[in-house]
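Here is the structure we will look at, set down as structure tokens.
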Number of protein chains: 2
Amino acid sequence: METGIANLLGALSLAVMDRIEQGAREVIGRGGETPAALVVIGYGQGMTNDKLRRILGLSHSGTVRLVDRLVSDRLVERRPGKDGREIALYLTEAGAATRNELMSSRISAVGSLLDVLSPAETKRLATLIHDLLARQDTSELDRFTICRMCDDSVCTNCPLPTTKGKRAR
Amino acid sequence: METGIANLLGALSLAVMDRIEQGAREVIGRGGETPAALVVIGYGQGMTNDKLRRILGLSHSGTVRLVDRLVSDRLVERRPGKDGREIALYLTEAGAATRNELMSSRISAVGSLLDVLSPAETKRLATLIHDLLARQDTSELDRFTICRMCDDSVCTNCPLPTTKGKRAR
DNA sequence: ACCAGATATGTGCGCCACGCACATATTTGG
DNA sequence: CCAAATATGTGCGTGGCGCACATATCTGGT
């Protein structure tokens, strides 16, 4: 029962997320799932409200209001979707720029914690975290949720399994 | 520039905190800094409002309202402090029990992510995170902030540097 | 002894973020 | 063809937090 490592990882994760959140708040002035929403919307073009809701783990109305805020901030546009029921969310030019700021702020926030490690240690840590993530039993939705802040220009080879044949609903 | 590891650690930290927060919400039905406040108040007897504010990184009024909620939930008591200006925050019996639930929920949430690693991998990861934390340039306040969810019965030997002699029990 | 400043707590007010219940519009299937 | 499923939007309330202000107590210099 090695709980010491669980405690250490919990503390580190808290420190990491504190720094990420602080940076995000400086970039967009909003907290909660708002920064993640901007990243997710920029991930694939044509994101719908409902997909976004599931990825962020919010209620439906919470997601609508979140998008309302992004629209009123001129970061996101609502366009008609393929299906007459759906809407398609697109980043504005300002939205895409803000999204890039968000992601680079996140990378540098985490990097400032990591740079106390030697190159060899960094490589070992990367391998361990890579394997840890690769062995999780994640559905495709889980993967999007975990990666909802990820910089897709940096994480070119996501270790998370996507083929864990699970269909929600 | 090795930013891939930063992205991986960011994703892992997000996954860890999602699970911790979900568990905490199930235990106390409240989110934000409320669970951390309960842990911190239970850490050392006689916590003041102002110390708590600094550790949680909240505004003064936000802290007062947070304590109001904990008091109305019968988890915390306000007592007169040593100094006539201060108040001393104490856990009620129910508060102490809830705090233990919170911490064990946290440990098991993180543990469920970790148990895909072999014992040898776990040990290597523990060493790396331990060193990573030990080399951070943290003030004593930073240490309390990072450890604001820590289970002091598990983390008997906190690696974070302290400027002044620190007591843990 | 006195008073200005520092320290610590509480309050009025407002905003952001979110959920629940409900309403509306479109597609799908028997 | 119509009921159910799907997807979005709204009214309303609450939790969580910050800013500005008010109040009470302690501290130090004169």
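Below, read A as the first sequence line, B as the second, and so on, with proteins coming before strands; counting in each chain starts at 1.
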Whether A:Thr92 side chain and A:Leu75 backbone form a donor-acceptor pair below 3.5 Å: yes
At less than 3.5 Å, do the side-chain atoms of [X] and the base atoms of [N] form a donor-acceptor pair?
| X | N | value |
| --- | --- | --- |
| A:His60 | D:dG9 | yes |
| B:Thr63 | D:dC17 | no |
| A:Ser61 | C:dC20 | yes |

Taking any heavy-atom pair under 4.0 Å as a contact, classify [X]: base, sugar-phosphate, or nothing.
| X | value |
| --- | --- |
| B:Asp68 | nothing |
| B:Gly81 | nothing |
| B:Arg78 | sugar-phosphate |

OP1 or OP2 of C:dC18 under 4.0 Å from side-chain N/O of A:Arg69: yes
Below 4.0 Å: OP1/OP2 of D:dG16 and any side-chain N or O of B:Arg30: yes
Divergence of helical axes at both termini of the helix from C:dA1-D:dT30 to C:dG30-D:dC1 - five pairs an end, 10° steps: 10°
Pair A:Ser139-A:Asp142, side-chain donor/acceptor within less than 3.5 Å: yes
Neighbour count above 12 (heavy atom, 6.0 Å) for A:Arg79 CZ: yes
